[in-house]
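Worksheet: one structure, shown below.
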Amino acid sequence: MVSFPILSSIIITPLIGAIIALFVKGEEKAISKNLRELALWTSLVELVLVIILIIQFDYNNSAFQFIEKKGILNKFSISYHLGVDAISLIFILLTTFLFPFCFFYTKLSIKFRTREFVIAMLFLEALTIGVFCSLDIVLFYIFFESLLIPMFLIIGIWGGKNRIFSSFKFFLYTLAGSVFFLISIIFMAYTSNTTSIVELDNYYFDVYIQKWLWFGMFLSFAIKVPMWPFHTWLPDAHVEAPTIGSMILAGILLKVGGFAFLRISLPILPEASSYFSTFVVFLSAIAVVYTSLVAFAQTDIKKLIAYSSVAHMGYVTAGIFSLTEIGIQGSLFQMISHGIVSAGLFLSIGILYERTGSRILKDYNLLIKSMPIFSVLFIILVLSSVGLPGTSGFIGELLVVLGIFKNFLIFGIFVSTGIILGAIYMMSLVRKIIFTIDKDIIETALIDLKGLEISLMLCLVAFTLLLGLYPNIILGFTEISTINLLTNFK
Amino acid sequence: MSLPVFIFLLPALSSFICLFCIIFKNNKVAQNISSFFLSIASILSIYCYTKISDYTGTYELYDWLNIGVNKLSFSIFYDPLTAIMFFVVNTVSALVHIFSIGYMSNDAYKARFFCYLSLFTFAMLILVSADNFLQLFLGWEGVGLCSYLLIGYYFSKPSAGSAALKAFLVNRVGDFGYLIAIALIYNSFQSLNFNDVFAQAELLLGNSIYFLGTEVNLLTTITMFLFIAAMGKSAQIGLHVWLPDAMEGPTPVSALIHAATMVTAGIFLVARCSPLFELTEFTLSFITYVGIVTCIFAASVALMQDDIKKIIAYSTCSQLGYMFFACGISAYSLGIFHLVTHAFFKALLFLSAGSVIHVCHHEQNIKKMGGLYKKIPITYFLIILGSLALMGVPPFSGYYSKDLILEYAYSLHNLEGNLVYYLGCLGAIMTSIYSARLLYLTFHGKTNLNLKRFSEVKEAPKVMLFPVLILSIGAIFSGIYFYEIVKYNTFWNNSIYFKENINFVESAHHIPFFYKALPIITALLFSIMVFIYFNKLSNLIKINSNLFKMLATFLKRKWYFDEIYNFIFVKKLSNLAIILWHFFDQKIIDGVGPKGLSNKIYSSSKYLKDFQNGKIFSYATYMILGVILFFSLIFVNY
């Protein structure tokens with residue numbers, strides 16, 4: 001074990017970057033350029049630190065590693081307790097991988113208040129990583145809920161026309177759920193006299209109490225994921241959020257809910273989890289079918305992608321609550337894959353939006369003629385989103401479906417219809433904007449991707465293909481932790 | 001690197017090079033390199049096929065997906081079945097590549113076309129060389145994707161776009177079946193490797209699962225879902241709607257993908273999984289019936305179509321029906337045999353039709369052609385060859401494969417066998433009618449092309465004729481050649497399941513001569529009648545009965561499949577989607593949830609607000625009321 005507090009330094013690095021950002025001075029133009037570079041370099045340093053972490057990590061060991069512990073409130077045994085296992089580590093990697101993309105794209109997307117934006121983003125990064133490494137449930141709660149603040153600001157300040165409404169809806173919706181989470185935490189802390197997640201894992205709650213605790217936390221997590229029927233904040237938030245906001249929201253913040261299920265619900269409340277598993281898989285199956293259909297009716301491209309995110313997160317929750325190794329591995333993979341693909345899709349929509357100022361389907365036609373490079377990359381992302389074998393989306397969906405079929409045959413069939421329904425709305429989208437539906441419509445002539453945009457898109461596309469063809473990179477890494485997660489379910 | 005791996009990688013390499021040609025806008029290099037590479041692949045796969053015993057084996061490339069202890073590798077499983085498929089796929093693909101050099105000569109984006117074609121070939125090789133269900137799925141969807149891209153190749157044509165989308169979505173319905181099948185297989189066999197699954201299949205014979213409240217046999221369920229997948233890819237009735245529309249793509253694509261290779265993937269799947277299918281009588285008879293119905297349905301629709309490509313497309317659909325019912329009566333090797341001969345003669349027909357279309361400036365309606373035989377005699381001759389092979393006239397290839405299926409079916413002497421035989425003969429009669437009609441309307445009679453165009457018609461360039469000539473050799477001799485092989489079941493080396501060492505050729509030999517000759521004689525008779533009708537009688541006899549007209553419209557509208565599907569799936573589904581969104585999402589969830597709650601809070605805060613009106617009198621009243629309440633509660637408690 002290394003004595004250097006690497007996890008703390010990973011959390012603190014973006015905060016240091018944010019503090020430095022406060023003091024950047026100079027001319028108007030120079031400031032925003034410097035701020036962007038500062039943020040970019042901070043996030044790259046962060047990425048390097050995480051890579052070091054991964055190299056040092058022993059993935060044959062299922063226990064938490066790189067543990068740091070300092071008491072904060074000894075009276076209530078609340079402590080600053082950090083540690084990672086393979087599951088949290090891949091989420092940390094996803095986070096630190098996506099943030100540099102966002103900072104690269106800031107140049108084209110954020111036109112005013114760069115300083116505030118950069119600070120909000122760096123805070124967001126620190127808090128997200130905090131969620132993934134907390135081993136104290138109170139600490140987890142603090143990170144988990146404070147994520148809302150920077151995201152609220154990002155939507156509310158840099159968003160579209162209706163941003164105030166959306167940001168409030170987003171904030172209140174998510175906050176409403178967290179009340180029940182807090183109550184559950186307080187109850188757990190009082191009955192077990194500990195707030196450490198590791199100790200809570202081994203503490204046995206009465207089954208009846210477990211059910212109540214589980215349900216309280218479920219509301220909070222389900223809103224974050226979001227699961228049907230708690231999903232209605234997401235389309236509004238996405239539509240109004242700036243491109244980068246959407247990328248982070250879909251790419252990382254949605255995964256926090258799924259992660260919370262894996263870190264808290266499953267290990268601490270195993271009996272309740274298996275008791276409610278049918279219920280969750282049922283909701284997930286509805287999510288897949290229902291939101292796919294709703295996505296088909298959308299006329300706003302961004303809303304369409306947002307609904308597709310809900311459908312894909314349906315796979316994730318279904319996989320987690322299949323309570324099988326393969327299902328959980330699948331949902332982990334699906335989360336990573338969706339993080340990359342949805343970030344890519346929102347980036348694509350952002351690229352179009354920068355050019356025309358419109359997100360409406362009808363405003364685009366025959367893009368393949370004017371933007372061939374964009375079209376090709378966009379189609380590959382779409383294919384990954386509909387789960388074509390060879391792309392990362394397929395592996396996630398496949399493993400989840402294999403997992404669900406073990407215990408929930410009927411729901412498995414419903415979830416599987418997602419591959420038809422997903423293809424319907426996504427391929428129709430491709431047909432409507434990339435190809436043509438009507439001879440009379442004049443083609444939209446837009447400038448094709450420029451250097452930076454190409455490299456960003458290409459990189460995301462490359463990763464979906466890489467993960468689709470070598471899924472073992474992730475599956476092999478998380479296998480031991482997943483098996484360990486299921487030891488309570490015998 | 002061993003030879004099969006090399007063959008396997010050639011199309012991938014070709015496609016990769018074409019990708020660079022697209023970027024550097026170099027059409028010449030793309031077409032030449034890809035045709036060259038595919039020709040080499042074709043020659044090598046023929047060589048490998050002849051030395052099959054030396055090359056049989058599994059060539060592992062890398063571990064693709066590890067699920068727990070299960071390792072699913074990416075590998076080339078080279079056995080006789082794969083060898084035959086390699087042979088057919090690479091050969092037809094190479095010839096189509098060469099043909100396309102001529103056919104696409106005016107296209108500005110040829111490199112893209114060749115890139116897709118090679119990619120398709122690669123995906124098809126992935127499919128046929130799989131040793132587990134997952135790799136097969138990769139190829140399965142890969143060919144679907146390439147088919148989608150190639151159907152929509154002329155992207156500024158709206159009809160091409162919708163045909164491509166339709167093909168993709170209908171195929172997805174099949175993929176849905178496949179996904180469910182592999183999920184069931186994984187959960188009951190704990191493996192997705194062919195060897196493990198087939199070895200354990202008999203052990204699970206009696207197992208059943210609860211499905212929609214009823215208990216059903218496990219293997220039957222699995223094979224039914226697998227067959228749904230096969231139906232999607234091989235355009236069997238119900239899921240066939242995409243295939244005729246797919247003719248929007250360039251003709252070489254139709255020849256390669258929608259006649260010779262991709263659409264036969266369903267047959268390949270059934271043959272590959274024959275150890276599973278063989279154990280389930282229910283699925284087998286289901287396959288037989290679906291095959292028969294498709295065969296009759298598609299042939300009947302082909303009778304009344306005017307688009308030359310659509311006729312051939314429906315003919316393909318109907319021939320696939322033959323292959324399926326061959327599988328349904330456990331004669332998998334005969335299904336594959338017909339697949340092979342069909343690949344040659346159907347590709348021949350399509351490419352010749354492509355030549356006709358090419359020389360007529362993209363005219364596809366046969367009613368607008370006519371009298372072409374003097375102008376393009378070689379093409380005419382080639383189409384006659386293809387048609388004879390299709391009709392099953394000896395000694396052409398179709399005769400060997402098709403009649404063998406029918407004869408073997410007759411020799412079974414059971415209900416299914418007889419049904420197959422008689423309806424198969426009916427299908428053969430219809431086949432000869434539409435083939436003769438196509439031949440007559442295109443090549444004979446008075447021309448309906450305008451005179452200027454007609455005088456411009458001349459034989460296609462050599463680069464287009466050469467591959468078609470090679471195919472015609474295949475169409476003539478592949479029957480005799482493979483017949484010798486099919487005779488002995490040992491050739492297949494357990495890659496296909498055989499029931500009790502039945503020898504199909506033997507059994508077929510023992511049926512009375514009359515039943516052997518029936519399909520051939522009727523086919524010839526009817527085609528001659530069609531010629532006579534069009535030549536002499538069409539002006540004399542006018543059929544005016546209402547019933548006939550209704551029947552003709554029914555066939556022309558393709559049994560109204562498109563209309564019904566449009567109504568159910570397109571209209572109803574979009575309506576449902578809009579209802580769910582506007583009503584359920586916005587009214588119910590948002591209305592009860594966030595909006596409802598905030599309205600409730602707002603309205604209840606209105607009441608609370610009234611308490612704080614700033615008047616001392618009211619505050620005093622509340623206070624007194626409160627005190628009274630408090631004391632009364634205390635008294636009540638005591």
Side-chain angles (χ1 to χ4, degrees), chain A residues 169 172-173 176 228-233 235 290 293-298 307 325-326 329 366 368-369 383 386 388-390 394-395 397-399 401-402 404-406 409-410 412-413 416-417 419-420 422-425 427-428 430-431 434-439 443 469-472 475-476 479, chain B residues 22 62-68 74 134-135 137-142 144-145 148-149 152 155-158 160-162 164-165 168-169 171-173 175-177 179-180 182-184 186-187 192 209-212 573-574 576-582 584-586 588-590 593-594 597-598:
Chain A
K169 192 174 179 183
L172 293 178
Y173 220 127
W228 186 88
F230 308 111
H231 64 279
T232 51
W233 63 269
Y290 174 99
L293 284 171
V294 175
F296 181 56
Q298 300 306 314
Y307 273 107
E325 187 202 332
I326 188 169
Q329 288 268 55
L366 261 184
I368 188 141
K369 259 192 183 163
L383 291 173
V386 304
L388 198 88
F394 169 68
I395 305 287
E397 287 182 16
L398 174 86
L399 295 182
V401 168
L402 292 187
I404 307 172
F405 260 77
K406 189 168 183 194
L409 189 69
I410 298 299
I413 292 176
S416 311
T417 55
I419 74 160
I420 306 176
I424 292 180
Y425 62 78
M427 299 314 277
S428 305
V430 166
R431 187 180 162 217
I434 304 285
F435 301 122
T436 181
I437 44 166
D438 197 345
K439 259 184 194 152
E443 62 174 279
L469 294 172
Y470 293 94
N472 286 341
L475 296 178
E479 195 180 350
Chain B
I22 298 174
Y62 71 92
D63 276 351
W64 182 20
L65 180 62
N66 295 357
I67 317 174
F74 205 89
L134 216 55
Q135 188 188 331
F137 199 30
L138 174 67
W140 189 265
E141 293 247 31
L145 172 68
Y148 165 81
L149 293 171
F155 50 73
S156 42
K157 227 168 61 178
S162 63
L165 183 64
F168 195 88
L169 295 183
N171 269 304
R172 272 263 147 165
V173 177
D175 299 342
F176 163 71
L179 185 64
I180 292 181
I182 52 177
L184 287 172
Y186 180 77
N187 280 307
L192 288 174
I209 49 167
Y210 282 96
F211 183 73
L212 294 171
L573 206 68
S574 347
L576 178 66
I578 288 171
I579 289 170
L580 283 181
W581 178 35
H582 282 305
F584 214 84
D585 238 37
Q586 295 186 333
I588 295 189
I589 296 181
D590 264 1
L597 266 177
S598 61

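Below, read A as the first sequence line, B as the second, and so on, with proteins coming before strands; counting in each chain starts at 1.
Proximity to chain A involves both the backbone and the side chain of B:Leu580, based on heavy atoms less than 4.5 angstrom apart. At a 4.5 Å heavy-atom cutoff, the contact between A:Leu399 and chain B is made by side-chain atoms alone. With a 4.5 Å cut-off on non-hydrogen atoms, A:Leu172 does not touch chain B at all. With a threshold of 4.5 angstrom between heavy atoms, B:Tyr186 approaches chain A through side-chain atoms but not through N, CA, C or O. For chain B, the nearby parts of A:Val386 are the backbone and the side chain; heavy atoms of each come within less than 4.5 Å. Heavy-atom distances place no part of A:Tyr425 under 4.5 Å from chain B, backbone and side chain included. The part of A:Ile368 that comes within reach of chain B is its side chain, from C-beta onward, which places non-hydrogen atoms under 4.5 angstrom from that chain. Only the side chain of A:Tyr307 comes within contact range of chain B, with at least one heavy atom under 4.5 Å from a heavy atom of that chain. For a residue to count as touching a neighbouring chain, one of its non-hydrogen atoms must lie under 4.5 Å from one of that chain's; by this rule A:Trp233 does not touch chain B. Using a 4.5 Å cut-off between heavy atoms, B:Leu576 touches chain A through its side chain atoms alone. Contact annotation for B:Leu145: only side-chain heavy atoms (C-beta onward) come within less than 4.5 Å of a heavy atom of chain A. With a 4.5 angstrom heavy-atom cutoff, A:Leu475 touches chain B only via side-chain atoms. In this structure, chain A has a heavy atom under 4.5 Å from the side chain of B:Phe168, while its backbone stays farther away. Looking at A:Gln329, neither its backbone nor its side chain comes within 4.5 Å of chain B, counting heavy atoms on both sides.
Of the listed residues A:Ile413, A:Val401, A:Ile404, the one with more heavy-atom pairs under 4.5 angstrom with chain B than any other is A:Ile413. Taking B:Gly139, B:Gly142, B:Gly161, B:Gly152 one by one and counting their heavy-atom pairs under 4.5 Å with chain A, the maximum is reached by B:Gly161. When each of B:Leu134, B:Asn171, B:Asp63 is scored by its heavy-atom pairs under 4.5 Å with chain A, the top score falls to B:Leu134. Most heavy-atom pairs under 4.5 Å with chain B: of the set A:Val294, A:Ile395, A:Leu402, this distinction falls to A:Leu402. With chain B as the partner, the residue from A:Glu325, A:Lys406, A:Arg431 showing the most heavy-atom pairs under 4.5 Å is A:Arg431.
Side chains of A:Ser416 and A:Phe405 form a contact here, defined as non-hydrogen atoms less than 4.5 Å apart.
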**OP:** Could you please spell out the steps behind the side-chain contact (heavy atoms from CB on, under 4.5 Å) verdict for A:Phe296 and B:Ile578?
**Re:** CA-CA 8 Å; A:Phe296 181 56; B:Ile578 288 171; over 6 Å; no
Original post:
Between B:Leu179 and A:Leu398, is a side-chain contact (heavy atoms from CB on, under 4.5 Å) present by the stated rule, with each step listed?
Top reply: CA-CA 8 Å; B:Leu179 185 64; A:Leu398 174 86; 3.8 Å; yes
**OP:** Begin with the C-alpha distance, continue with both residues' side-chain angles, and end with the deciding distance and a verdict on side-chain contact (heavy atoms from CB on, under 4.5 Å) for A:Val430 and B:Tyr148.
**Re:** CA-CA 12 Å; A:Val430 166; B:Tyr148 165 81; 3.8 Å; yes
**OP:** Walk me through it: do A:Leu388 and B:Arg172 pass the test side-chain contact (heavy atoms from CB on, under 4.5 Å)?
**Re:** CA-CA 10 Å; A:Leu388 198 88; B:Arg172 272 263 147 165; 4.0 Å; yes
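Scored by the ring-ring contact (aromatic ring centres under 6.0 Å, His included) test, B:Phe155 finds no partners at all (sequence neighbours excluded).
By the 30° and 60° cut-offs, the orientation of the rings of B:Trp64 relative to A:Phe394 is parallel. The aromatic rings of B:Tyr62 and B:Phe74 lie parallel to each other, with less than 30° between the two planes, well short of the 60° mark.
Summarising the geometry, atom CZ belonging to A:Phe435 is positioned 8.0 Å from atom CE belonging to A:Met427; distances are rounded to the nearest 0.5 Å. Note that CG of A:Leu469 and CG of B:Leu138 are 7.5 Å apart. Values are rounded to the nearest 0.5 Å. Atoms CG and CG, from B:Leu192 and B:Leu65 in turn, are 9.0 Å apart once rounded to the nearest 0.5 Å.
Minimum interatomic distance between A:Lys169 and A:Thr232 (heavy atoms only, all atoms of both residues): NZ-O, 3.5 Å.
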